[in-house]
Structure formats: C-alpha cells, structure tokens
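Structure first, commentary second.
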Number of protein chains: 2
Amino acid sequence: MTTPSGPRPGARKRIVDTAFRLFYARGPRGVGVDTIIDEAGVAKASFYKHFPRKDDLVLAYLDEVDRTWLGQLRACARAAGDHPAEQLVGMFDALHSAARREGYHGCAFINSAAEASPGSEVHARSVDHKRLVRAWVTDLARRAGAADPEGLARQLTVLLDGGLSAGVLDADPEVAASARSAAAVLVAAACPPARASTP
Amino acid sequence: MTTPSGPRPGARKRIVDTAFRLFYARGPRGVGVDTIIDEAGVAKASFYKHFPRKDDLVLAYLDEVDRTWLGQLRACARAAGDHPAEQLVGMFDALHSAARREGYHGCAFINSAAEASPGSEVHARSVDHKRLVRAWVTDLARRAGAADPEGLARQLTVLLDGGLSAGVLDADPEVAASARSAAAVLVAAACPPARASTP
DNA sequence: TGACAGATAGACAGACCTGTCTGTTACGGT
DNA sequence: ACCGTAACAGACAGGTCTGTCTATCTGTCA
C-alpha cells in the first residue's frame with residue numbers, strides 16, 4: 001500500500017513497482033496485464049480488484065513518476081546553492097543523473113502521451129505534470145529576479161523537455177551537459193545583475 | 001507515385017499517404033493494417049506486396065517525415081536571412097508552423113521510438129534522423145563563426161527537440177516562441193561579434 | 001470452531017492484429 | 001486477340017489483449 005502504516009505488505013505495491021519498471025521500459029501499451037501479473041506474482045482477480053481498468057494503473061504509474069521526478073529536480077536545485085539563479089541551472093543535474101541510470105528511456109509523460117488518445121485521462125495527467133513543473137520553475141525564476149519569470153521558465157522547461165525526451169533515442173550524457181550549459185546562458189541573460197555561473 | 005515517370009498511379013502512394021496521416025495521429029502501434037487498407041482503399045494483397053511487414057511501412061513513413069521536416073527547417077532558415085547566425089535562429093520558425101498545423105502531435109521520431117524496441121530498425125532510423133539534423137545545424141554553426149560549433153549545435157537541437165516533442169501534450173504556440181527567443185540568446189552568446197538578432 | 005477478508009490459480013469470452021491464401025477484375029503491350 | 005501485371009475482394013489461421021468469472025487456499029478475529 002501507499003502508506004507505511006497499513007497491514008498490507010504486498011500485492012498492490014508489487015503491482016505498482018512492476019508496472020513502473022515495465023511501463024517505463026516499453027510504454028504502457030507495450031505491456032500486457034498478464035505480463036504484469038506474472039512478474040508481480042499476483043492473481044488476476046487481485047489485479048483487477050486494485051485497478052479495475054488498466055488505465056487506472058497507468059495513472060498510478062504516472063503519479064509515481066511525477067512524485068519522483070519533481071523530487072529529483074528539487075533535490076538537484078537545492079544542492080546547487082542557495083541563490084535561486086543557481087538553482088535554476090542546478091536542476092539540470094537531474095537530467096544528467098537520469099541519463100546515467102540503467103534503463104533510461106526518456107520522458108515517461110511524453111512517451112505515454114504519444115500513445116494515448118488526445119482526450120484521455122492519461123493524456124490530461126501528462127499535461128498536468130508539465131504544468132506543475134513549469135509553475136515551480138516560474139516561481140524559482142521570479143525569486144531569481146528575472147525580468148520575465150514566465151518567459152524564462154518557458155525557455156528552461158522547453159530545454160528540460162528536450163534533454164529528457166531525447167533520452168528515448170540514446171542516453172547520451174552530452175545532451176544533459178549541453179542543456180545545462182544552455183540553461184546557464186539563458187539564466188544569466190534573463191537575471192539582471194546575476195552571477196549565475198556555477199561551481 | 002514515388003517517381004514521376006513510372007506507370008504507377010495509385011495504390012502505393014495511397015497507402016503511404018494514409019499511413020502518414022494515421023501513424024502520426026495515433027502512433028504506428030495504434031493503427032492496424034486493416035484500418036490503413038480500408039482508408040486507403042486498397043486490397044490486403046496489394047498492401048503486403050508493397051510492404052511485406054508492417055514495419056516496412058513504418059520505415060517509409062519515417063523517411064517521409066525526415067524529408068519533410070528537414071525541408072521545412074531548411075526553408076525557414078533560408079527565409080530568415082543570408083547570415084548563418086540568422087538562419088540558426090530562423091529555423092525555429094518551423095516549430096511555429098508545425099504547432100499551427102491541424103493535427104499537430106509532436107515529434108514523429110520520438111513518438112515512434114517510444115513504442116519501438118530499443119534495437120529495432122524503427123528506433124535506429126529515428127536516431128539517424130536526429131543525427132542528420134544535428135550535423136546540418138553543426139555546419140550552420142560553424143559557418144556562423146561559433147567558437148564551439150558542435151556545442152552550440154547540441155544546445156540548439158536539444159531546444160528544438162524540446163519544442164517539438166512537447167507538442168504531443170498541447171499545441172501551444174508560446175512554446176515555439178520561447179524556443180526561438182532562447183535560440184537567439186544562445187546564438188548571440190556563442191558567435192563572437194555577431195549581430196544575431198532577427199527582424 | 002466458525003465466519004470472513006484477501007489472496008491465489010486459471011479458464012473463458014470477445015475483440016483486435018498480423019500475415020497468408022484463393023480467386024476475380026481491369027488494362028497495356030505485342 | 002492474347003498474355004502478363006497490378007490491383008481488387010475477402011476468408012482464414014494463429015496469436016495477443018482486456019476484462020470476467022469460478023473455485024480454492026490462508027490467516028485473523030471472535
């Protein structure tokens with residue numbers, strides 16, 4: 001289960017963990033529920049009890065990715081320094097970490113949205129995630145003293161999306177480095193007297 | 001038909017045209033060959049005569065996209081001016097045109113690669129396309145006098161990928177504008193005495 | 001001991017998908 | 001007039017997918 005208190009150690013968590021791994025590697029449509037059931041070691045009835053439709057599991061997967069990725073962005077930002085301008089550049093370190101991870105396969109949201117119907121919940125959830133990230137970056141840009149915080153946030157999130165989504169092709173660490181250096185240039189140009197260079 | 005000389009008026013072209021439309025909208029895996037056969041108005045035998053495996057049609061589709069997209073990038077670059085630095089920024093107008101097009105759905109290569117097996121021909125073809133684009137941008141950056149042409153090209157292609165691939169979520173024209181403005185900043189920073197501003 | 005909640009195993013229906021195969025029709029060149 | 005090529009129509013096999021259903025097992029609480 002999701003909280004550590006409940007008397008439920010297995011089943012649902014095994015399903016979600018397995019789905020996370022398989023969905024990210026092959027895309028939700030590339031993984032049948034039978035495969036998940038086998039690898040998670042649960043019964044079909046248990047599966048459909050927790051997730052009446054397959055899409056319910058896909059949404060749970062996306063929520064998991066949303067939590068994880070935002071956490072990594074925040075951690076990298078914080079680790080880069082106290083000044084918001086430094087953090088705007090530092091968050092791109094999350095890209096580098098992601099690219100080094102085994103089985104890196106690009107952006108889960110863009111990959112999922114690519115195979116979902118435009119009006120579906122899966123698609124909407126992906127849009128929500130991107131909006132959330134951009135709102136966070138906008139806030140950071142505002143605190144960094146950017147003349148146009150929303151403009152800078154858009155530039156940086158486009159860059160972030162590019163670095164992330166290209167990972168579905170190859171896990172080239174150069175891409176992350178380029179995105180970071182580009183971010184440094186953009187932040188420096190947008191934040192008036194800032195010393196946005198990073199150690 | 002493919003060549004203007006041959007005695008081939010229909011069939012194959014109808015298949016490719018239909019595939020282009022449907023594959024781009026729903027992704028190759030989201031479209032069955034029966035659907036293509038129906039909408040193209042061809043017989044199943046004709047389909048499999050021209051494309052023995054479905055993947056052969058997917059590859060033809062990707063080649064079509066490759067040709068089209070590179071053509072648009074080049075056209076936008078040329079239209080932006082004679083100086084390579086101007087062209088590096090101008091190519092981002094292709095993003096804006098794409099976003100305004102009916103049925104815009106992001107990057108066909110990233111979307112296709114997301115659902116293809118990592119070792120497949122479809123995946124490899126997508127990687128090739130991105131490499132081709134980057135080579136062209138690198139050449140432009142070199143002629144623009146960039147201190148580090150490959151570095152600038154990487155920055156710009158990451159930006160381009162971000163602007164393009166995000167289109168699978170929503171066709172926001174602001175994204176294209178942000179990518180273009182960011183490109184202008186990056187080009188200006190990378191090309192020594194350049195006046196990289198655009199009309 | 002008995003009742004119950006939650007899990008397990010696995011058959012099944014119905015839809016869809018790829019690829020094969022048979023047979024028919026239309027047309028262009030000789 | 002004849003023949004070969006390309007296209008047409010559509011049945012069929014074999015597989016996969018989602019989601020439903022029955023039936024059995026296990027542990028906990030009273």
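Here is how names work: the chains are called A, B, and so on, in the same order as the sequence lines, proteins then strands, and each is numbered from 1.
- Distance alone, capped at 3.5 Å, is enough to place a donor-acceptor pair between the B:Ser112 side chain and the B:Ala108 backbone.
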Per-nucleotide protein contact string for nucleotides 12-24 of chain D, where B marks a base within reach and S marks sugar-phosphate only (heavy atoms under 4.0 Å, - for neither): ------BBB----
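- Taking atom CG of B:Asp38 as the reference point, atom C1' of D:dA9 lies 11 Å away to the nearest angstrom.
- Look at A:Arg143 and A:Asp139 and you find a salt bridge, because one of the NZ, NE, NH1 or NH2 atoms lies within 4.0 Å of a carboxylate O, short of that distance.
- Spacing between atom CD1 of B:Ile36 and atom P of D:dC8 amounts to 15 Å, rounded to whole angstrom units.
- Rounded to whole angstrom, the span from the CZ atom of B:Phe51 across to the C1' atom of C:dT18 amounts to 16 Å.
- A:Ser165 places a side-chain N or O within donor-acceptor distance of the main-chain N or O of A:Asp161, the cut-off being under 3.5 Å.
- Under the 3.5 Å distance criterion, the side-chain polar atoms of B:Glu64 are left unmatched by any main-chain donor or acceptor of B:Phe20.
- Comment: B:Asp128 engages B:Arg131 in a salt bridge, judged by a side-chain N to carboxylate O separation of less than 4.0 angstrom.
- Distance A:Phe47 CZ to C:dG6 P: 18 Å, rounded to the nearest Å.
- Cluster membership for A:Leu169 and A:Tyr104, using ILVMFWY side-chain heavy atoms within less than 4.5 angstrom, is not shared.
- Here B:His50 reaches the OP1 or OP2 of D:dA7: one of its side-chain N or O atoms lies under 4.0 Å away.
- Considering only side-chain N and O atoms, B:Ser46 lies nowhere under 4.0 angstrom from the phosphate OP1 or OP2 of D:dA6.
- Taking only side-chain atoms of B:Lys49, from C-beta outward, the nucleotide of D:dA9, D:dA7, C:dT8 with the closest atom is D:dA7.
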